[in-house]
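Worksheet for the structure shown next.
Being a predicted model, the structure only gives us computed values, none of them experimental.
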Amino acid sequence: PHRRVITDPDEAVQLLRNLLDDELERRTQILRAAMARDIRSLNARREQQPIPPIVVVIDEFADLSDVMSK
């Protein structure tokens, strides 16, 4: 249910930018507040509310590169 398949390069670039700008910042703040070094150590302490890892798989990176350079 959490998997997304994106075939439009522009949409993929936007999603990656959102991940880097918004989600990375949010997770960094959570780690700092908990004084945790990484998500694994944080999740060991927060078993009721773990933060799931984000996995991004990019196929056809050349297509993304073309869109990102514009």
Side-chain angles (χ1 to χ4, degrees):
H2 302 291
R3 180 176 53 185
R4 291 180 61 182
V5 176
I6 299 172
T7 57
D8 178 43
D10 291 318
E11 186 181 352
V13 168
Q14 187 59 44
L15 177 67
L16 290 171
R17 284 190 177 133
N18 288 342
L19 278 172
L20 291 173
D21 293 341
D22 301 333
E23 188 62 18
L24 181 61
E25 181 62 31
R26 185 183 78 80
R27 288 174 177 234
T28 300
Q29 290 176 2
I30 292 170
L31 290 169
R32 281 188 184 142
M35 289 193 254
R37 183 176 183 164
D38 56 32
I39 197 169
R40 182 175 290 146
S41 62
L42 177 71
N43 285 343
R45 290 189 249 160
R46 294 175 34 156
E47 291 183 14
Q48 290 92 4
Q49 293 179 319
I51 297 176
I54 297 173
V55 178
V56 177
V57 178
I58 299 174
D59 188 19
E60 299 296 334
F61 185 75
D63 291 343
L64 281 183
S65 296
D66 290 342
V67 172
M68 289 188 301
S69 65
K70 292 180 184 177

_I'd like to check the side chain to side chain contact (heavy atoms under 4.5 Å, CB included) partners of I6; sequence neighbours left out, ordered by chain and number._
R4, E11, A12, L15
*Any salt bridge (Lys or Arg N to Asp or Glu O under 4.0 Å) pairs touching residues 38-53, not counting sequence neighbours?*
none
_Give me the atom names and distance for the closest heavy-atom approach of L42 to A36._
CB-CB, 3.9 Å
*Check side chain to side chain contact (heavy atoms under 4.5 Å, CB included) between V56 and all other residues, then give those that pass, not counting sequence neighbours.*
L16, L19, I54, I58
*Could you pull out all residues at least two apart from N18 that satisfy side chain to side chain donor-acceptor pair (under 3.5 Å)?*
Q14
_Under 4.5 Å side-chain heavy-atom separation, chaining through any Ile, Leu, Val, Met, Phe, Trp or Tyr, what else clusters with V57? Say none if it is isolated._
V55
*Among pairs that include at least one residue of residues 21-31, which meet salt bridge (Lys or Arg N to Asp or Glu O under 4.0 Å), considering only residues two or more places apart or in two chains?*
E23-R26, E23-R27
